[in-house]
Amino acid sequence: MYDAHILTDHDCRSVWEHGRKVGYAINIKINYYRGLPLSCVDEITLEVDGKKVDPATMYVQHRGKEFPYPDILKDDFQTDFYWLFGEYLRVVVKKEGGIDQGRHPVKLTLGTRRSYTPTMLSTCEKVLTFA
Amino acid sequence: MCSLKTNHDIKLGVSLYCYQDNYYFHKYDLEGCLAAAAGSGAEGFEIFPDAMIPEWPYISDAFVDRFNGLKERYGLKCVCVDHFSDTRMWKNKNLTDDDLYERGVMYIKAAAKLGAPAIRLMHDEHMGVFDQDSPMKRDYHLTNVAIAKRLLPVAAEYNVMMALECHAPSSVDDPCQRPYLEMAEQMGLPFIGLQADFSTYAYCISSADVGMYIRQGATPKILNFIRDSQRDAYFKGEAFDYDGMKEKIDKMGPNEVDRKAWDFIYSLRCRQPVQQSTTSSGCGRSRRMWWTIFIGAVCLFPCATRFPSSSRPGSAGMKTSGAGGSGPCRPMTASSMNIITHWSGHGFTRAWNLRNSIMSFADGSRSRRVSRWRSESPSGATKA
């Protein structure tokens, strides 16, 4: 569901800190008909420019909080932190130098564990324009 | 504006889920959805908390203030909050019964806080009872009768009705719903009712499902053939031959996704055309049930419903455990929707109505009806 729309053009950009580019951000949306706790996210896999992004460099930012991506996959991740239907989930990839401005092919694989039906894996490929 | 407001006891409401695309693509926010609902002539709405309440699972007083203001501005009443049984929200374990109970309490309190008289309860049998080999069969359970029994006093305390979602391929007259009503009767707490999902009127696989499987790699020709055949059979008033269709599909060279789609279609065997003669039989007096009728495009709320003897529901023929599902079912006709309802915003009145409904369920006519199911339904249709 919404497979073609989970990868968005919204606010794709390099992330700056202290005057340096330290990474880049992509905003994704949920592949389900309702919101889910972040603990129900089983997989976020990114491929940018044909190369798989190292999960250890990925961070998830939502509602003013930031979690290292591997943390949200842990068994004891909190269940009261929701990714609501339609909300952007900001995925930041830490990479010195950020990303070049312009268009980049991006592939997202998103696995969410539905709380009462089988898990569904969604894949979306798009060319996104980064600021 | 096309106003659908009436002086009837039954009111029109809209599930805000109807605006899911507009919400997902940020064309409407919560207020936009409410404005659209009001603009359609609705007087009530059902809210999806994990889409439209920003702090969910918490609800701030500030949100409630704003929410009440919006209701006032658009002249709407929040009639239902959607409950979900998130059994699998942990990665390494399922929620225990205690956890599910606590989640249920959370939803009941949320409804009370939002001023809603009901929650749509996602109970274990909301889609009926699945065969062991069904792809929809779960190895865990949702909110079941035992948990609902624990929730009942809480619902009574907060004056919130628990409306069992009766979703295709189940229906409000599926016997698997009955233990909940009987349990409420035994408890003497009439805070459980039935909520008819409009999906129960489905007679073919949806075009949305066809599209989804095609995107996954299914063959459009095969899926459209199945859907067209289902529609064709329905409008001709014939039972759809699932086994015959399987043979035809096998000859069309289905791929793996086609087979997966067929398994799904077969597991949700859609209802069959109704023979009018089988729906109009039965006892000569009306019976009253407590229903909330919701979902799909519109919701009609709230409701003590009365089925004239000439338009009572047909039978439990949609039961998923029934081979072929060829039993008679409710027709989506004027007669089946000719439900005389009773708008009662007051908890005591609602309670009284349910009490009567349970009493009518528990009388002798019920057992006659069960035996009619047994004699007319396909094998397995009365398992529950």
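The structure presented is a predicted model; accordingly, all values stated were derived computationally and were not measured. Proteins get letters first, then strands, A, B, ... in listed order; numbering begins at 1 in each.
Here Asn31(A) pairs with Ile6(A), Leu110(A), Thr112(A), Arg114(A), Ser122(A) under the side chain to side chain contact (heavy atoms under 4.5 Å, CB included) rule; sequence neighbours left out.
In this structure, the portions of Tyr33(A) lying under 4.5 Å from any heavy atom of chain B include both its backbone and its side chain. Neither the backbone nor the side chain of Leu95(B) comes within less than 4.5 Å of any heavy atom of chain A. Looking at Thr87(B), the atoms closer than 4.5 Å to chain A (heavy atoms on both sides) sit in the backbone and in the side chain alike. For Asp21(B), the parts lying near chain A are the backbone and the side chain together; criterion is any non-hydrogen pair under 4.5 Å.
No donor-acceptor pair closer than 3.5 Å links the side chain of Arg88(B) to the backbone N or O of Arg113(A). Looking only at distances, a side-chain donor or acceptor of Arg63(A) sits under 3.5 Å from a matching main-chain atom of Pro54(B). Distance alone, capped at 3.5 Å, is enough to place a donor-acceptor pair between the Ser39(A) side chain and the Met89(B) backbone.
With rounding to the nearest 0.5 Å, the separation of CG in Leu36(A) from CG in Asp86(B) is 7.0 Å. To the nearest 0.5 Å, atom OH of residue Tyr17(B) and atom CZ of residue Arg34(A) are 10.5 Å apart.
Identified under the side-chain hydrogen bond (donor to acceptor under 3.5 Å, both in side chains) test for residues 81-108 of chain A, with sequence neighbours left out: Arg20(A)-Glu96(A), Asp49(A)-His104(A), Gln61(A)-Arg90(A), His62(A)-Glu87(A), Tyr82(A)-Arg103(B).
The side-chain heavy atoms of His26(B) and His10(A), taken from C-beta on, include no pair separated by under 4.5 Å. Under the 4.5 Å side-chain criterion, counting only non-hydrogen atoms from C-beta, Trp56(B) is not in contact with Asp80(A).
Ring geometry, Tyr2(A) versus Phe25(B): the interplanar angle exceeds 60°, so the pair is classed perpendicular (tilted spans 30 to 60°).
The local environment of NZ in Lys149(B) is sparse, with at most 12 non-hydrogen atoms from other residues, nucleotides or ligands closer than 6.0 Å. Residue-environment remark: NZ (Lys109(B)) stays at or below the threshold of 12 foreign heavy atoms within 6.0 Å.
The minimum heavy-atom distance linking Phe85(A) with Ala51(B) is given by the pair CB-CB, 3.6 Å.
The pair Asp76(A)-Lys93(B) does not meet the salt-bridge criterion, since no charged nitrogen lies less than 4.0 angstrom from a carboxylate oxygen. Looking at Asp42(A) and Lys91(B), a side-chain N of the basic residue comes within less than 4.0 Å of a carboxylate O on the acidic one, giving a salt bridge.
Counting heavy-atom pairs under 4.5 Å between each of Met52(B), Gln216(B), Met122(B), His141(B) and chain A puts Met122(B) at the top. The candidate with the highest count of non-hydrogen atom pairs below 4.5 Å against chain B, out of Thr8(A), Asp3(A), Leu73(A), is Leu73(A). The most heavy-atom pairs under 4.5 Å with chain A, out of Trp90(B), Tyr23(B), Tyr58(B), Phe48(B), come from Trp90(B).
Counted by atom type alone, Tyr32(A) and Asp50(B) present zero donor-acceptor pairs between their side chains at under 3.5 Å.
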